[in-house]
Structure formats: C-alpha cells, structure tokens
Amino acid sequence: MPTLQSIFKRIIATLTLFTRLPLWRLCNVDAEHYRHVVPLWSMAGWVTGGVMAGIYYVGQTVGLSIGLCVALALAGRTLLTGALHEDGFADFCDGFGGGTSRESTLRIMKDSHIGTYGVLGLVLYYIIMWNLLTTVIPATGSVMTFIVADCMSKFISSTIVIFLPYARKESEAKIQAVYARPTVMEFLAGSVFGLLPLCLFFSWAFVLSSLAALAAALMLFAYMHRRIGGYTGDCCGATFIITECVMYMAVV
C-alpha cells in the first residue's frame, strides 16, 4: 500500500513527465516513482486539457476567431508538454513507416533525428486536429470538451502497459525505467481520473467517441505487437495522438 508521500511523489513524477512545470524542485523523485505513474496519466489530462480550454475561452472572450483560438490552444499544450506526445508520434511514424523489421523499426525510433514520415505525420496531425477542433468545439458548445478528450485519451493510452510488454531492454528506456503494470486499485484510480470528466459533462457523443477511440487503440496495440512485439515510449505518445484524433472524428 503506497504511502501519502509516495503518492505525492508519483503525482510530481507524472506532471514532470507530461509537462514542463518545474515541479521537480519540490522534492527528489527517483526512477521507481516514474515506474508507477501510468495510473495517473489521465490525471495529467486535467492539466493539459485544462490549459487548452482556458486558452480557447480567453481567446473567445477577447473576440478572436475560432480558428485562431484553436491554433493558440494547440500551441499552448505543445509548449506546456514540450511536444512530448508529438515527438513520440513523429518517431513512431518514422519507425513504423521506414522500418522493415523489428530491429530496424526500433533503431529508427531510437534515432533523435526526424525523418520524412515523421514530418508528414506531424503536418497531417495538426491539419486534421485544427479542422476537427474548429468544428467540434462550436458544435458541443463547451470548452470542457478539451478536458474530456484529453483525459479519456490519456486513460485509454495508459492501458498499453496492460496489453503489451515493453519492447526494449529497461536500460534503453528514456526514463531509465519500464512502466509497472498497475494493480487493480491503481487501474480503478486511473479510471476515475479518466472517466470523471465524461460523467461531469455527459454526452452520448462523448460516450460513443470514447468507444471508438478504445477500438482504435486496441487495433493499434495489435499492430504494435505484430511489428515489434510490444510497446515503447514513442508508441505511448502515438497512441494518445491517434486516439484523441479518433475521439474528435467520432464526435463530428
């Protein structure tokens, strides 16, 4: 049973991983706490999705166009996260697009240089997301849509550690630790963080879009298993990016 201090350090580790907030100054967080952050991924969605909602709301309040508000919201989250998800998605596109074997796919994803597939993936992602959000947010009439989609996508992405093993050696992990599979209680806690926005701002469109995102994630997991026999950190970022896009597409 984790202590309150351990839980606090896990929260700090989660927000340090998903944002550029200087929370690491509050206490020393070792690799063991980073191993147990998976159930708290959806909690980070309250922060990153909340920033998008806040930027969009302020932009609308001062009279900016919907398109500009969406662009600023996307830029705000990218700056807050240090492009964490986008970096993983780009590496995923390069590896799975250019790799012809398990070894070459993993090698390409490990390379810090971005390739053609990564560039095209990011360009298409932002074009798609901008068009989706300029349609979805006015249609739903609530900036809380940002939080619902962000939290749910992070929760769905967190299940990757349940379905797949880590594809590399632990020493090769970017955080120098492999995520631990959550216990039943930890999974339930993550479910609360992920599902609570959906319950608070209930809509059948959100429910059906969440199911569509889950189905997309399961197909993506099966593809990852076939190609590299597991997941990497880049796969986590790609799963979030793809499931969030699918959620917004389903709402549309």
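Scored by the salt bridge (charged side-chain N to carboxylate O under 4.0 Å, His left out) test, Asp94 finds no partners at all (sequence neighbours excluded).
Across all their heavy atoms, Ala180 and Val38 have their closest contact at O-CG2, 4.4 Å. Here the closest heavy-atom approach between residue Val143 and residue Ala53 is recorded as O-CB, 3.4 Å. Closest approach of Ala90 and Ile114 over heavy atoms only: CB-CD1, 3.9 Å. Nearest heavy-atom pair, Thr14 versus Ala44, reported as atom, atom and distance to 0.1 Å: CG2-CB, 4.1 Å. Minimum interatomic distance between Ile55 and Ala73 (heavy atoms only, all atoms of both residues): CG2-N, 3.7 Å. In plain terms, the two heavy atoms of Ala217 and Thr243 that are nearest each other are CB-CG2, 3.7 Å.
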Could you give me the CA-CA distance, side-chain angles and deciding distance for Ile228 and Phe96, then say whether side chain to side chain contact (heavy atoms under 4.5 Å, CB included) is met?
CA-CA 9 Å; Ile228 62 174; Phe96 282 77; 3.9 Å; yes
Met224 and Phe163: side chain to side chain contact (heavy atoms under 4.5 Å, CB included), yes or no, with the steps?
CA-CA 11 Å; Met224 293 173 186; Phe163 291 99; over 6 Å; no
Residue pair Leu72, Leu64: steps toward the side chain to side chain contact (heavy atoms under 4.5 Å, CB included) verdict:
CA-CA 10 Å; Leu72 290 174; Leu64 300 181; 3.8 Å; yes
What do the steps show when you test Glu244 against His85 for side chain to side chain contact (heavy atoms under 4.5 Å, CB included), and what is the final call?
CA-CA 11 Å; Glu244 188 182 41; His85 309 306; over 6 Å; no
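Residues Phe155 and Phe187 bring their aromatic ring centres within 6.0 Å.
Asp111 has its side chain out of reach of Asp91: every pair of non-hydrogen atoms, C-beta onward, lies at least 4.5 Å apart. Contact annotation: the side chain of Leu80 approaches that of Thr48 to within less than 4.5 Å [non-hydrogen atoms, C-beta and beyond]. Looking at Met109 and Arg168, their side chains come closer than 4.5 Å, going by heavy atoms from C-beta outward. Residues Thr232 and Lys110 have side chains not in contact (no heavy-atom distance under 4.5 Å, counting atoms from C-beta outward). Between Thr81 and Glu86 the shortest side-chain heavy-atom distance falls below 4.5 Å. Using a 4.5 Å heavy-atom threshold, the side chains of Phe146 and Val51 count as separate. Contact annotation: the side chain of Cys151 never approaches that of Phe193 to less than 4.5 Å [non-hydrogen atoms, C-beta and beyond]. Proximity of Cys93 to Leu120: side-chain heavy atoms (C-beta onward) are nowhere separated by under 4.5 Å.
To the nearest 0.5 Å, atoms CE (Met249) and CG (Asn131) are separated by 10.0 Å. Between the CD atom in Glu32 and the OG atom in Ser6 there is a gap of 8.5 Å [rounded to 0.5 Å]. To the nearest 0.5 Å, the span separating CZ on Phe221 from CD1 on Ile156 amounts to 8.5 Å. To the nearest 0.5 Å, atoms OG1 (Thr159) and CG (Leu164) are separated by 9.0 Å. For the atom pair NZ (Lys9) and OH (Tyr34), the distance works out to 11.5 Å, reported to the nearest 0.5 Å. Note that the CZ atom of Arg227 and the CG atom of Leu106 stand 10.0 Å from one another [nearest 0.5 Å].
Listed by first and then second residue, the side-chain hydrogen bond (donor to acceptor under 3.5 Å, both in side chains) pairs that reach into residues 56-65 come to none, sequence neighbours excluded. Counting only residues at least two apart or in different chains, salt bridge (Lys or Arg N to Asp or Glu O under 4.0 Å) contacts with residues 132-158 comprise Arg77-Asp150, Asp150-Lys154. Here salt bridge (Lys or Arg N to Asp or Glu O under 4.0 Å) pairs that include residues 114-142, with residues two or more places apart or in two chains, number zero. Sorted by first and then second residue, the ring-ring contact (aromatic ring centres under 6.0 Å, His included) pairs with a member in residues 99-142 form an empty list; sequence neighbours excluded. Within the structure, side-chain hydrogen bond (donor to acceptor under 3.5 Å, both in side chains) contacts touching residues 133-144 (residues at least two apart or in different chains) are Thr140-Thr145.
In this structure, Tyr179 and Trp41 have perpendicular ring planes: the angle between them is above 60°, well past the 30° mark. Aromatic ring pairs are classed by plane angle as parallel below 30°, tilted from 30° to 60° and perpendicular above 60°; the pair Trp204 and Phe202 is perpendicular.
Clustering ILVMFWY residues whenever any of their side-chain heavy atoms sit less than 4.5 angstrom apart, transitively, puts Val58 in a cluster other than the one holding Met52. With hydrophobic clusters built from ILVMFWY side chains whose heavy atoms lie under 4.5 angstrom apart, Val192 does not share a cluster with Met144. A chain of hydrophobic side-chain contacts below 4.5 Å, direct or via other Ile, Leu, Val, Met, Phe, Trp or Tyr residues, connects Phe92 to Ile128.
Other residues, nucleotides and ligands contribute only 12 or fewer heavy atoms inside 6.0 Å of the CZ atom of Arg20.
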